[in-house]
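Below: the structure, in structure tokens.
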Protein chains: 2
Amino acid sequence: MATKTTIHDIASFLNITASTVSRALNNNPRISENTRKAVLKAAKQLNYQPNNIAAALRNGKSNLIGVIVPTADRAFFASVVRGIEEVANELDYKIIICQSYDDYNKEIQTVEALANARVDGVIASIGKETLNFEHYNALLNKGIPIVLFDRTTDQLAVNQVMIDDYEGAYEAVSHLISEGCKRIAHFTSPIKISIYKERLRGYTDALKDHGVPFDQDLVLESNLQLEDGRQSMLQLLELREIPDAIFSASDYGAMGAMQVLKEKNIKIPQQVALVGFANEPFTSFTDPTLTTVDQLSLTMGHVTGKLFFDQLNSQDKNGPQRMQKTILKPKLIVRQSSLRSSLEGSY
Amino acid sequence: MATKTTIHDIASFLNITASTVSRALNNNPRISENTRKAVLKAAKQLNYQPNNIAAALRNGKSNLIGVIVPTADRAFFASVVRGIEEVANELDYKIIICQSYDDYNKEIQTVEALANARVDGVIASIGKETLNFEHYNALLNKGIPIVLFDRTTDQLAVNQVMIDDYEGAYEAVSHLISEGCKRIAHFTSPIKISIYKERLRGYTDALKDHGVPFDQDLVLESNLQLEDGRQSMLQLLELREIPDAIFSASDYGAMGAMQVLKEKNIKIPQQVALVGFANEPFTSFTDPTLTTVDQLSLTMGHVTGKLFFDQLNSQDKNGPQRMQKTILKPKLIVRQSSLRSSLEGSY
DNA sequence: GTAAAATGTGCAATCGATTGCATATTAAGA
DNA sequence: TCTTAATATGCAATCGATTGCACATTTTAC
């Protein structure tokens with residue numbers, strides 16, 4: 001049970017003071033080369049391990065960053081977390097992962113707990129239920145910087161990183177139109193966080209810009225899970241005239257539709273083309289493979305991390321909190337489920 | 001810029017001492033009901049937020065747990081992390097996520113950094129390269145408890161949680177045999193961490209126990225990624241007599257094989273049956289859906305978390321570190337890729 | 001009514017590292 | 001030789017919360 005050595009132990013070992021040891025370890029230029037070497041040697045010899053907690057207390061800086069996500073095991077969030085960790089790791093910061101479970105009260109508690117843990121900042125994706133942002137403002141008032149990613153809000157004056165959901169949707173729908181689709185349905189969510197609103201807007205605008213009539217019957221709201229996609233698809237099949245394409249705001253929804261279509265022997269993409277959203281890992285393994293919109297999750301993690309640390313370093317000088325949106329351009333991944341043009345006349 | 005209030009502020013506000021405030025906030029029974037109420041009221045009024053760092057320094061307990069995984073975005077690890085966080089969250093602990101990237105030196109650095117951060121314990125899955133465990137032993141010597149999950153080792157006297165890879169493999173292969181397969185190939189890894197060794201052993205034993213001859217040509221080593229699976233499958237197709245089933249130690253490997261088989265118009269499972277390992281999210285979306293072995297990742301997270309905290313609480317009393325293996329029974333998920341029996345004579 | 005026990009607070013040290021302000025030593029300059 | 005400027009360390013306070021011990025006040029017991 002090795003009793004931990006402190007700078008005081010090193011100090012008395014060398015007959016100097018803790019101040020000198022501290023300075024030596026921190027490469028303070030006021031320490032002579034000799035003592036520095038002696039300290040380093042003694043530190044190794046005594047198996048010294050710095051106590052970050054003590055330093056954090058004194059410095060008011062913990063080198064910890066809180067990261068709040070709805071759940072850690074969704075592919076998208078897991079990937080962003082990975083990206084953030086990579087950046088943080090580079091700079092000797094550690095990240096504390098917290099899950100809000102999309103629960104408003106949980107999110108409040110979490111934010112408070114992170115404040116108590118004295119994190120140097122918070123990177124978060126807002127919970128679906130969250131409409132009031134006082135808990136985040138409380139952080140800002142304490143001088144704890146925040147960066148939001150993916151699920152953001154204009155109600156907080158903080159830096160944000162997101163993808164251009166509008167653009168992604170617009171491209172996806174334009175692609176379908178260029179593949180010859182004329183009746184394109186859309187699966188969306190009743191939850192009006194901006195990402196779904198934007199995807200819907202992109203869908204609508206793409207139709208308009210290409211002169212394709214908008215039909216309210218073709219816009220279906222659901223939770224966008226697999227089963228929801230199935231239900232929505234079944235509902236569409238009841239229509240007098242079924243759509244010739246579906247743009248789902250989630251890959252799971254699209255997958256549900258794909259299952260139903262296959263069960264009914266409706267050909268994809270010849271009779272109905274499909275496009276999802278998120279580029280979930282499974283989309284490249286389905287049959288047909290699923291066209292989808294990649295959200296650049298790992299990149300988003302990197303960008304968010306960099307933005308956060310840039311801000312952290314600059315804000316020592318500047319006082320005021322900036323608000324700057326970084327919008328990543330999503331990438332349409334065209335796969336078999338929407339590629340009709342190359343199959344001309346094959347059905 | 002609300003300057004943070006401390007217990008001293010509360011104390012002087014109420015004309016008492018910080019000791020009393022501290023005791024009141026911690027529900028120390030030696031404090032009268034009146035002062036306790038007054039303190040709580042003042043705390044709220046002054047917007048007091050406890051400083052965990054200060055408490056951690058004094059108590060030698062940070063309420064932080066380090067979690068080390070190879071990468072945070074693999075579905076399995078993401079899910080375990082989620083489970084651990086759920087348990088930790090319940091007990092007011094926070095988890096620090098670190099990625100070792102399967103890099104031995106990185107792992108060493110990470111372990112050290114966590115020690116410096118004064119985490120109360122570490123939960124880890126060992127990197128693939130790691131053969132020497134001194135860095136972990138150093139933690140133990142400092143009194144920092146460790147629990148390992150999934151990728152474990154007998155060289156550390158710590159509690160471990162894993163699935164019964166042997167059993168999972170045994171069941172998978174037995175299942176194939178019961179479906180009438182007689183020439184079963186196995187995709188394994190050259191990396192000899194125990195999980196792959198155990199899966200290989202399960203494969204071998206299942207063959208033996210059912211009187212199916214073992215053929216070294218049918219055991220292929222690779223990194224078990226998608227492309228590796230493709231290569232291995234192509235290699236198998238070169239054999240004079242191709243196998244009628246493949247048990248891959250990874251879902252990706254199995255998926256690669258599936259792709260090749262479909263390209264060659266070889267029927268699954270009629271001509272070649274497939275079983276993977278891990279129950280990756282995509283396996284239920286392939287066509288045919290992929291039979292696989294579920295690793296109970298979320299459960300593993302929960303169990304690991306509970307085991308860890310049980311140990312943390314009990315060890316105050318006991319001195320010696322225990323070593324106890326918790327082995328979860330994996331679950332064979334039978335899907336289309338191996339279900340020949342229900343298709344008798346259909347080809 | 002007095003000793004003994006219980007109750008409620010305060011004092012001061014502690015956890016380990018950091019740092020502004022001396023102080024001591026040495027080197028440089030006149 | 002003596003002053004001035006570097007150079008290298010030490011002193012002591014600080015970050016904020018916790019806690020053993022001491023002390024004062026009340027309550028209980030006989």
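Side chains are part of it too, since the values below use all heavy atoms of this structure and drop only hydrogens, waters and symmetry mates. Note that this is a predicted model, so its numbers are computed, not measured.
Separating the CG atom of Asn26(A) from the C1' atom of dA17(C) is a distance of 9 Å, rounded to the nearest angstrom. dT18(D) atom P lies 6 Å from atom CD1 of Ile7(B), rounded to whole Å. In this structure, His8(B) places its NE2 atom 10 Å from C1' of dC15(D), rounding to the nearest Å. Residue Arg23(A) contributes atom CZ, which lies 12 Å from atom P of dC21(C) at whole-angstrom precision. Counting to the nearest Å, the C1' atom of dC15(C) and the CD1 atom of Ile53(B) are 13 Å from each other. To the nearest angstrom, P of dT18(D) lies 8 Å from CG of Leu25(B). When rounded to the nearest whole Å, the span between CD1 of Ile10(A) and C1' of dA17(C) equals 11 Å. Following rounding to the nearest Å, Asn34(B) (CG) and dT25(D) (P) show an atom-to-atom distance of 18 Å.
Distances shorter than 4.0 Å separate none of the side-chain N or O atoms of Asn28(B) from OP1 or OP2 on dT19(D). For the OP1/OP2 pair of dA8(D) and a distance below 4.0 Å, the side-chain nitrogens and oxygens of Thr35(A) include no atom meeting the criterion. OP1 or OP2 of dG16(C) has not a single side-chain nitrogen or oxygen of Thr6(A) nearer than 4.0 Å. Checking the phosphate oxygens (OP1, OP2) of dG10(C), a side-chain nitrogen or oxygen of Thr20(B) falls inside 4.0 Å.
The residue Ser22(A) sits close to a base: some heavy atom pair falls under 4.0 Å. No contact: Asn52(B) has no heavy atom under 4.0 Å from any strand. At a threshold of 4.0 angstrom between heavy atoms, the contacts of Ile16(A) are confined to the sugar-phosphate backbone, with no base atom among them.
Partners of Arg118(B) by side chain to side chain donor-acceptor pair (under 3.5 Å), not counting sequence neighbours: none found. Taking the side chain to side chain donor-acceptor pair (under 3.5 Å) definition, one finds that Thr326(B) meets it with nothing, sequence neighbours left out.
Of the N and O atoms on the side chains of Gln99(A) and Asn89(B), not one donor lies less than 3.5 Å from an acceptor on the other residue.
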Walk me through it: do Tyr136(A) and Val158(A) pass the test side-chain contact (heavy atoms from CB on, under 4.5 Å)?
-> CA-CA 10 Å; Tyr136(A) 286 111; Val158(A) 300; over 6 Å; no
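Across dG16(D), dG10(D), dC11(C), the shortest atom-to-atom separation from the side chain of Thr17(B) is found for dC11(C). In this structure, the nucleotide among dT19(C), dT9(D), dA17(D) sitting nearest to the side chain of Tyr48(B) is dA17(D). The side chain of Ala55(A) has dT18(C) as its nearest neighbour among dA8(D), dG10(C), dT18(C). Picking from dA17(D), dG10(C), dC15(C) the nucleotide with the shortest atom distance to the side chain of Leu57(B) gives dC15(C). Side-chain proximity of Ser19(A) to dT19(C), dC15(C), dT9(C): nearest is dT19(C).
In this structure the side chain of Glu86(B) reaches within 4.5 angstrom of the side chain of His302(B), judged on heavy atoms.
Considering Arg30(A), Arg36(A), Lys37(A) as possible partners of Glu33(A), the one that fulfils the salt bridge (charged side-chain N to carboxylate O under 4.0 Å, His left out) test is Arg36(A).
Comparing Pro29(A) and Asn59(B) by the nucleotide of DNA chain D that holds the closest heavy atom to each, the one mapping nearer the 5' end is Pro29(A).
In this model, no side-chain donor or acceptor of Arg30(B) finds a partner on the base of dG20(D) within 3.5 Å. In the interface, the side chain of Arg58(B) is not paired with the base of dG16(C) through any donor and acceptor atom under 3.5 Å apart.
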